[in-house]
Amino acid sequence: MSSLVEQLLQTEAHKSLFESAVRQLPLPVCAAFGSSTNPQPVRFKSADSVLGTKDSDAVRQQFPQSVAASGNAVLTSAGATINQAQGKRVAVLFSGGPAAGGHNVVCGLKRVLGSGNTLFGVKAGPKGLLKGTLFEITDANVDFIINTGGFDFLGSDRTKIKSDEQFAQVRETCIKHNLDAIVVVGGDDSNTNAAVLAESLFTGVKADGSGVQVIGVPKTIDGDLQIGNLLSISFGFDTATRIYSEMVGNILQDTSSSLKYWHFVKLMGRSASHVALEVALQTKPAVALISEEIATKKQSLASIIDQIAQVVVERSHKGMNYGVLLAPEGLIEFIPEMNAMIAELNDALAHHVAEFAALTDNEAKAAFIGSKLSANNAALLASLPHYIVNMLLAERDSHGNLQVSLIPTEQLLIDMTKQRVKELDPKVPFAAHSHFLGYEGRCGAPTLFDAAYTYNLGLTAGSLILDGRTGYMATVTGLTSGGTPQAIPLAGLLNIERRHGKDEFVIEKALVKMDSPAMQYFVSRRETWATDDLFASPGPRQFWGPTTHQLPISVALNSGAASLMFVIG
Ligand code: FBP
């Protein structure tokens, strides 16, 4: 065997030259944890801030033990370190869509729990918690997964734990593995799950009457789990948006080279447009749609299309028959007439489950459900192309969400823009390609920001467990000034929302705010980006080099940072 072939064989199974090198990348830790080579768990004390929502009274009734214990007060690190050797048995699981940095949460947890406690991984998310599929995580596992992307070490799923039977199954798992604590790494729905679990496992799980602690960790590439200065961003957002920005930058470079195509790019982000806004700030394309603005301005689909077509025509008249448009994945649900139609559609689907399921043909399904809608909504549904209708009728996820990643909104925008451009000026050529950038961005190797942030979130979650806390979400604040481990009481975040036709406690999604500095900056620049070629190509994410310490631009703007660089440690 040649020596090159031998070298190549050694790169199999997650041992590419890059993966081997990035495992050695040192990670900074918040000063509170002491040295980065031997981080120590910290104690917590109440900070001056108490959280609550419009539904606090109802939350207090539904989550009495959690609220009584925490008083919904935010916790901050108290400086003092804790005895590590407590013999605690802790399980960690990933929940929902993958996001870069999840592995480092596990690594931070394992390091801070040390050899005096045991860390278990739950296979395949909440479903694995129900089944009790746990295994012990070793130091060797940590050395192998550190700084690598994805959730593949454990796997994930979207099971919502809500029925009495499911709660009983979780208790069984806790008893079977003699667990003291569970760490749920997830987004808004999963952290809602964590809040519910914390209350349900508060007491009476073990023979001595004690409970099992539950701690959440804020993950989602969508960036819609944000709580002011307490949580400026969820992990995974930075890596995903930098991957998308590199790709959009490449497309911008291509389109201004080949001079003949428009590219309509749908970007992941189920509801909020944080991803689209961040990628627009990074790349400065001709058009970027922000769903929240469309909803605020109550823009119709026709007026959105007109707005896009006007840019196409104007650029063409200046000799630019090309450009890039960014559209958020969740756009369709924010267009007022579509939103109203989807709401009625959801109700109709929920009320006619058996009759609907009995139909096998898509056309028959559309006709059946159309007959259950009001005249306006039925007409709107009938006016949409079949590739949109089929996906609007597709199964919802277990949290009741429309699967927007499957809806080809980018194609709808292209088809309708083509029509409108022809009406505005038949001489304007319009050739367009559609793209969907989603799954490509969720599992890339974490940027240094996500790698360091998640490692510190893991250290924070482990510290909360050793400090005896339950019902909190770990956070790290002050990301441009060294970082402070803190904890957010989950019950303090809960609101009542109508889902599946009934009231449910949920953590509200943080949408793009029209008056946020990031949005304002975008608004101040977008007209110039529309008519000139001012795009920027941010290039690949760097692990060594000048952009290594860069924060997402929207996060830096919204937190009033003086520079784009994060500082942890
Ligand atoms: P989370 O909210 O669980 O982090 O997932 C976000 C997301 O990546 C969305 O952007 C996208 O709409 C959805 O997951 C896709 O879900 P799935 O992985 O089930 O196709």
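Indexing begins at 1, ligand by ligand and atom by atom, following the structure's order. The figures here come from the full heavy-atom set of this structure, side chains too, leaving out hydrogens, waters and symmetry mates.
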Q) N/O to N/O below 3.5 Å, does that happen between D222 and ligand 1? A) yes
(Q) If we count only N and O atoms by modelled type, under 3.5 Å, do the side chains of D55 and T53 hold a donor and an acceptor together? (A) no
Q. Please state which protein non-hydrogen atom is closest to atom 8 (O) of ligand 1 and give its distance, to 0.1 Å?
A. R442 NH1, 2.9 Å
Q. If you measure only the distance, is there a donor-acceptor pair under 3.5 Å linking the side chains of Y439 and S405?
A. yes
Q. Do F135 and F153 have their ring centres less than 6.0 Å from each other?
A. yes
(Q) Do M514 and E293 have side chains that approach each other closer than 4.5 Å (heavy atoms only, starting at C-beta)? (A) yes
Q.
I need the nearest protein heavy-atom contact for atom 3 (O) of ligand 1: residue, atom name and distance, please.
A. G97 N, 2.8 Å
(Q) Keeping N362 on the side-chain end and N390 on the backbone end, is there a donor-acceptor pair under 3.5 Å? (A) no
Q. Taking only heavy atoms of K219, which atoms of ligand 1 are found under 4.0 Å from at least one of them?
A. 1 (P), 3 (O), 4 (O)
Q | Closest to atom 14 (O) of ligand 1 (judged by heavy-atom distance), picking from R270, R158, M268 | A | R158
Q: Tell me yes or no: between the side chains of E199 and S66, is some donor less than 3.5 Å from an acceptor?
A: yes
Q | Under 4.0 Å to a heavy atom of G269 - the qualifying atoms of ligand 1, by number | A | 10 (O)
Q.
Checking a contact table here: which protein heavy atom is nearest atom 2 (O) of ligand 1, and how many Å away?
A. T220 OG1, 3.4 Å
Q.
Contact between ligand 1 and G96 is defined here as a heavy atom of the residue under 4.0 Å from a ligand atom; is it met?
A. yes
Q: Could you say whether the N/O atoms of D188 and ligand 1 ever approach to under 3.5 Å?
A: no
Q. If we only count N/O pairs under 3.5 Å, is Y439 in contact with ligand 1?
A. yes
(Q) At under 4.0 Å between heavy atoms, is it the side chain or the backbone of E329 that contacts ligand 1, or both, or neither? (A) side chain
Q. Hey, is ligand 1 close enough to I221 that some N/O pair sits below 3.5 Å?
A. no
Q. Is atom NZ of K298 surrounded by more than 12 heavy atoms (other residues, nucleotides or ligands) closer than 6.0 Å?
A. no
(Q) Closer than 4.0 angstrom, basic N to acidic O: yes or no for K160 and E504? (A) yes
